[in-house]
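What's counted below: heavy atoms across the whole structure, side chains too, no hydrogens, waters or symmetry copies.
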There are 2 protein chains.
Amino acid sequence: MANDSVLMPFKDRDHAHQSCLEKALDQAVKNCESSGVRLTPLRRRVLELIWGSHMPVKAYDLLDQLRDEKIGSAPPTVYRSLDFLLEEGLIHKLQSLNAYVGCGEPLKHHTSQFLICRDCGEVAEMDDPDIQQVLSRKAESLGFQVLDKTIEIQGLCEKCIAG
Amino acid sequence: MANDSVLMPFKDRDHAHQSCLEKALDQAVKNCESSGVRLTPLRRRVLELIWGSHMPVKAYDLLDQLRDEKIGSAPPTVYRSLDFLLEEGLIHKLQSLNAYVGCGEPLKHHTSQFLICRDCGEVAEMDDPDIQQVLSRKAESLGFQVLDKTIEIQGLCEKCIAG
DNA sequence: AATGTAATGTTATAATATAACAAATTTATC
DNA sequence: GATAAATTTGTTATATTATAACATTACATT
């Protein structure tokens with residue numbers, strides 16, 4: 001029962017987060033090299049902090065952590081890094097939470113749909129062709145040209161339902 | 001070419017906004033009567049201001065207008081009214097804009113998908129069964145229980161494409 | 001090294017939203 | 001109708017999220 005459209009699933013107990021994080025940073029380095037942009041230490045650290053878990057992270061929480069580490073001192077520092085990472089497709093912003101998560105497939109151009117668990121806070125990312133298609137088809141039938149989509153489903157993940 | 005799933009279409013030049021607004025207020029009165037809640041003058045006025053156009057309205061713009069009219073003086077006034085109207089399903093919040101629009105079908109329980117024109121700013125509301133179904137089915141297949149959905153499509157409406 | 005560009009620092013402020021408590025208004029009960 | 005209870009609104013203060021504007025530093029190119 002493979003499910004290609006899930007870019008970032010909800011995590012099991014045995015999720016090997018260290019390697020998961022390393023892979024994310026690896027991909028970020030690759031992405032930036034091929035784009036000819038600079039993944040500076042600051043930007044890299046912000047990405048690393050966002051990837052600290054699979055929870056959405058708030059800008060000012062990042063700022064607090066950076067301040068503790070004596071790097072990045074004020075809001076613009078963080079927001080500029082976030083803007084950079086968003087533009088490079090390395091992270092996503094969740095509009096319904098004003099928070100940020102790492103992108104599950106940074107090397108692949110895609111749009112996303114997010115599942116947000118209201119109990120544990122974890123976020124899963126998918127890019128489902130059926131969802132994309134039905135939305136595109138509908139928009140098109142109304143003469144609407146789609147430029148971007150915000151799709152965030154709030155609810156309860158399997159683990160939390162199981163209790 | 002009826003399209004039942006469109007609760008609030010993009011508007012033509014000949015859109016009769018006065019009657020549109022009156023209908024919205026009428027429905028709000030009905031809704032509140034049947035729910036046994038109070039559509040106070042303040043709440044009614046906020047709803048009216050939101051229905052002033054089919055553009056999303058910002059909380060602090062509402063506040064400015066209320067101040068001009070010497071009713072409602074501080075942010076909590078506005079936010080409380082907005083919370084009330086949201087709870088009653090008389091308005092919706094657009095998460096990607098931090099702004100509010102009137103609900104196209106307040107008397108009918110529904111979820112919504114929004115089309116937001118980046119050129120003219122107008123918003124259309126739909127509740128399309130195909131979209132709902134594909135999202136629900138997908139969530140379900142992942143063991144996810146849906147509680148709420150945020151679906152906002154940004155792009156260009158037909159009028160703006162035509163120029 | 002000199003120069004231009006990109007990135008970061010710094011200060012200030014804008015924009016969005018809520019907490020906490022007081023006063024007024026409405027509703028329910030006597 | 002007077003009183004008590006509940007709801008709504010007022011008021012002050014503050015929290016949270018984000019950007020503007022300009023200075024400084026780091027890096028890249030010549």
Using a cut-off of less than 4.0 Å, is there contact between a side-chain N or O of [X] and OP1 or OP2 of [N]?
X         : N       : result
Thr40(B)  : dT26(C) : no
Asn98(A)  : dA18(D) : yes
Tyr100(B) : dT16(C) : no
Thr77(A)  : dT8(C)  : no
Ser73(A)  : dG9(C)  : no
Lys58(A)  : dT17(D) : yes
Tyr79(A)  : dA18(D) : yes

Ile71(B) vs Pro75(B), nearer the 5' end of DNA chain D by closest nucleotide:
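Looking at the nearest nucleotide for each, Ile71(B) comes out on the 5' side.
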Is a side-chain donor-acceptor pair under 3.5 Å present for [Y] with [X]?
X         : Y         : value
Asp128(B) : Gln113(B) : no
Lys149(B) : Gln132(B) : yes
Ser96(B)  : Gln95(A)  : no

Let me know the distance between [atom1] of [X] and [atom2] of [N], rounded to the nearest Å.
X        : N       : atom1 : atom2 : result
Leu85(B) : dT8(D)  : CG    : P     : 12 Å
Arg38(A) : dA28(D) : CZ    : P     : 5 Å
Glu87(B) : dT8(D)  : CD    : P     : 11 Å
Leu86(B) : dT18(C) : CG    : P     : 10 Å
Gln95(B) : dA17(C) : CD    : C1'   : 13 Å
Lys93(B) : dT16(C) : NZ    : P     : 10 Å
Asp83(A) : dT17(D) : CG    : P     : 16 Å
Arg43(A) : dT8(C)  : CZ    : P     : 5 Å

Let's test your reading of the model: under 3.5 Å, does the base of dA18(D) pair with the side chain of Tyr60(A) as donor and acceptor?
yes
Tell me the closest heavy-atom pair linking Thr111(B) and Asp127(B), and the distance in Å.
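Minimum heavy-atom contact is O-CG, 3.0 Å.
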Options dG9(C), dT10(C), dT11(D), nucleotide nearest the side-chain atoms of Ala74(A):
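Closest of the options to the side chain of Ala74(A): dT10(C).
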So if I apply the side-chain hydrogen bond (donor to acceptor under 3.5 Å, both in side chains) rule between Glu122(B) and each of Lys159(B), Lys11(B), His54(B), which one comes out positive?
Lys159(B)
